[in-house]
**Student:** 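A single structure is presented below for examination.
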There are 2 protein chains.
Amino acid sequence: MPHTYEFARAALTVDIVVFALDEEDLQVMLIQRDLEPFEGQWALPGGFVRVDETLDESARRELQEETGLQDIYLEQLYTFGGLKRDPRERVVTVAYYALVNLEGHNVHASTDARNAAWFSMNDLPDLAFDHSMILQTAHERLRGKLRYQPIGFELLPEKFTLRQLQHVYEVVLDRELDKRNFRKKVLGMEIVKETNEIEKDVAHRAAKLYRFDKKKYDRLTKQGFNFEI
Amino acid sequence: MPHTYEFARAALTVDIVVFALDEEDLQVMLIQRDLEPFEGQWALPGGFVRVDETLDESARRELQEETGLQDIYLEQLYTFGGLKRDPRERVVTVAYYALVNLEGHNVHASTDARNAAWFSMNDLPDLAFDHSMILQTAHERLRGKLRYQPIGFELLPEKFTLRQLQHVYEVVLDRELDKRNFRKKVLGMEIVKETNEIEKDVAHRAAKLYRFDKKKYDRLTKQGFNFEI
DNA sequence: CAATAATAGTGTCAATACAACACTAAGAAG
DNA sequence: CTTCTTAGTGTTGTATTGACACTATTATTG
């Protein structure tokens, strides 16, 4: 047994699972690769980490470059370090996941001469590298986190109806919720506050708009409050 | 703005937060560094990832080399990639946390001519690098995870009393639990099964020993059962 | 061997939280 | 003014939680 080993100086990338919500489904942003390997295939947005940036910075930069998204919810997910996950050489990737609302941000359909698009989580193409596994891990994490922490707001515009909020939970948790119980619970937690506006341009009675009460949320969190839904 | 950037080929390490439980406190294993930087200071066990091993393999190998521990609960925690976390050069570390029971494994007090020791989480020395932050992150994760998943068994020997199990929860969650309610809950979940043995060498009535019922646990988990305590 | 000391082991009840359930109100569209 | 669509609202039975105190068993000690 040798006394010295070759240490990995792995190429380091970040990959980002960007979730959003349309009327129906949970959506994820994918980018069509314009380079080998996996040229033409769909993949998660991401890229190499630069020497002068932290992992978080790198993830934010890639997101901005590839999708135009800025100032959104972003959280580190997991680090994937399989030996053969990139056929060229060893590449370790730090995966992140992000939540955006489609109304508030206008997402580049295409940047860097690359083709970017939203896909429903219920109708995904084959993905490059091990990105399917990363995506699955992100989906599980989102479900788990939403259950206990109010991150559903990140998928909605600043002002939203309780119907929309319920829809977030139904889509992500993949089960129907009772309207009355849901409203009781959310209003009971007192982490949304009513605005004096109502939704516009709907062909029926308009619902009140609410806003996430971050201050109250932070105060309750410090007291160890539990936001289970 | 240049068209090419220098990509990070960061040195990659793993660091492992090994938790155990003594009669009183949650304990963590630390190793006294015998090299610069931070020579003489206490640090988490860990080391460089080799080119031919995955991250998980690397974590298990380091754990084995530095503490003699094998076949224990090990889970990836978070990846720390701050620019200055190592004063020599950029080093990205993938942190893991592990749970062991002190009775079942005999842990090297010392390996590699290094000084290894258990420290109470309530009485920690200054740590090298950003290891205090890693340790804090691990502690939060352990608390969060224990709350919803039955990993408390990993800190106990194969056969244990309900008193011991309750103690795990009390120490990790840092609050007292009611004995009757705790027993009701754990037995109600049916994920422990009684052995026909009792504890030995105690100066009072001996308690029954139980064993974690992994099969039942797996079955219930697949059905989406929730193990909240 | 009797008394003591230490922990094992057990049940009830009140308060709270949860889940199931259906109708009226408001506004838009024709 | 009729119809359509979604907003908005309470009650009740059931299950879960949390608070609470005593007897049983075993080892130890005098």
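Computed from a predicted model, the values in this text were never measured in an experiment. The analysis underlying the following values was restricted to heavy atoms, covering all of them including side chains, and did not include hydrogens, waters or symmetry mates. To find a chain, count down the sequence lines: A is the first, B the second, and so on, and within it residues start at 1.
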**Student:** Check A:Val172 against A:His139 and note the closest heavy-atom contact, atom names and distance.
**Tutor:**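 For A:Val172 and A:His139, the tightest heavy-atom pair comes out as O-NE2, 4.5 Å.
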**Student:** What I want to check is whether an N or O donor and acceptor connect the side chain of A:Lys184 with the base of C:dT16 at under 3.5 Å.
**Tutor:** no
**Student:** Using a 4.0 Å cut-off on heavy atoms, which residues in residues 172-181 of chain B reach DNA chain C? List them by number, or say none.
**Tutor:** B:Lys179, B:Arg180
**Student:** Ion pair present between B:Glu57 and B:Arg61, side-chain N to carboxylate O less than 4.0 angstrom?
**Tutor:** no
**Student:** Nearest whole angstrom, please: distance from the P of D:dA19 to the NZ of B:Lys185.
**Tutor:**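 Rounded to the whole Å, the gap is 13 Å.
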**Student:** Provide, to the nearest angstrom, the distance between the CG atom belonging to B:Leu162 and the P atom belonging to C:dT10.
**Tutor:** 9 Å
**Student:** Step through it carefully: locate the ring centre of B:Phe160, locate the ring centre of B:Phe153, and say whether they are under 6.0 Å apart.
**Tutor:**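 Yes, they do, as the ring centres are separated by less than 6.0 Å.
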**Student:** Work out which heavy atom in B:Leu177 is nearest to a heavy atom in B:Tyr169; give both atom names and the distance.
**Tutor:** CD1-CB, 3.6 Å
**Student:** With a 4.0 Å cut-off, would you call B:Lys214 and B:Asp218 a salt bridge?
**Tutor:** yes
**Student:** Taking only nitrogen or oxygen atoms into account, show me every contact under 3.5 Å that the protein makes with nucleotides 26-30 of chain C, one pair per line with its distance.
**Tutor:**
none

**Student:** Are B:Arg147 and B:Glu228 within salt-bridge range, i.e. N to O under 4.0 Å?
**Tutor:**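 Between B:Glu228 and B:Arg147 there is a salt bridge, with a charged N closer than 4.0 Å to a carboxylate O.
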**Student:** Does a salt bridge link A:Glu194 with A:Arg211, judged by any charged N lying under 4.0 Å from a carboxylate O?
**Tutor:** no
**Student:** Please report, rounded to the nearest Å, how far the P atom of D:dG18 is from the CZ atom of B:Arg183.
**Tutor:** 18 Å
**Student:** Expressed in angstrom and rounded to an integer, what is the separation of A:Leu187 atom CG from D:dT9 atom P?
**Tutor:** 8 Å
**Student:** Examine A:Tyr217 together with A:Phe212 and report whether their ring centres are nearer than 6.0 Å.
**Tutor:**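 Ring-ring flag for A:Tyr217/A:Phe212: true, centres closer than 6.0 Å.
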**Student:** Below 4.0 angstrom, N of the basic side chain to O of the carboxylate: do A:Glu197 and A:Lys208 qualify?
**Tutor:** no
**Student:** Roughly how many Å is it from CD in A:Glu199 to P in D:dT6, rounded to a whole number?
**Tutor:**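 To the nearest whole Å, that distance equals 10 Å.
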**Student:** Between the axis at one end of the helix from C:dC1-D:dG30 to C:dG30-D:dC1 and the axis at the other (five pairs apiece), what's the angle to 10 degrees?
**Tutor:** 10°
**Student:** To the nearest Å, give me how far apart CD1 (A:Ile229) and P (C:dC18) are.
**Tutor:**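 Computing the A:Ile229:CD1 to C:dC18:P distance gives 11 Å.
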**Student:** Please give, in whole Å, the distance from D:dT6 P to A:Gln166 CD?
**Tutor:** 13 Å
**Student:** Between A:Arg163 and A:His167, do the side chains contain an N or O donor and an N or O acceptor separated by less than 3.5 Å?
**Tutor:** no
**Student:** For the rings on B:Phe38 and B:Phe129, is their centre-to-centre separation under 6.0 Å?
**Tutor:** yes
**Student:** Between atom CZ in A:Phe182 and atom P in C:dC21, what is the gap in whole Å?
**Tutor:** 20 Å
**Student:** Can you say whether a donor on the side chain of B:Lys208 sits under 3.5 Å from an acceptor on the base of C:dT10, or the other way round?
**Tutor:**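 For B:Lys208, whose side chain was compared with the base of C:dT10, there is no donor-acceptor pair (under 3.5 Å).
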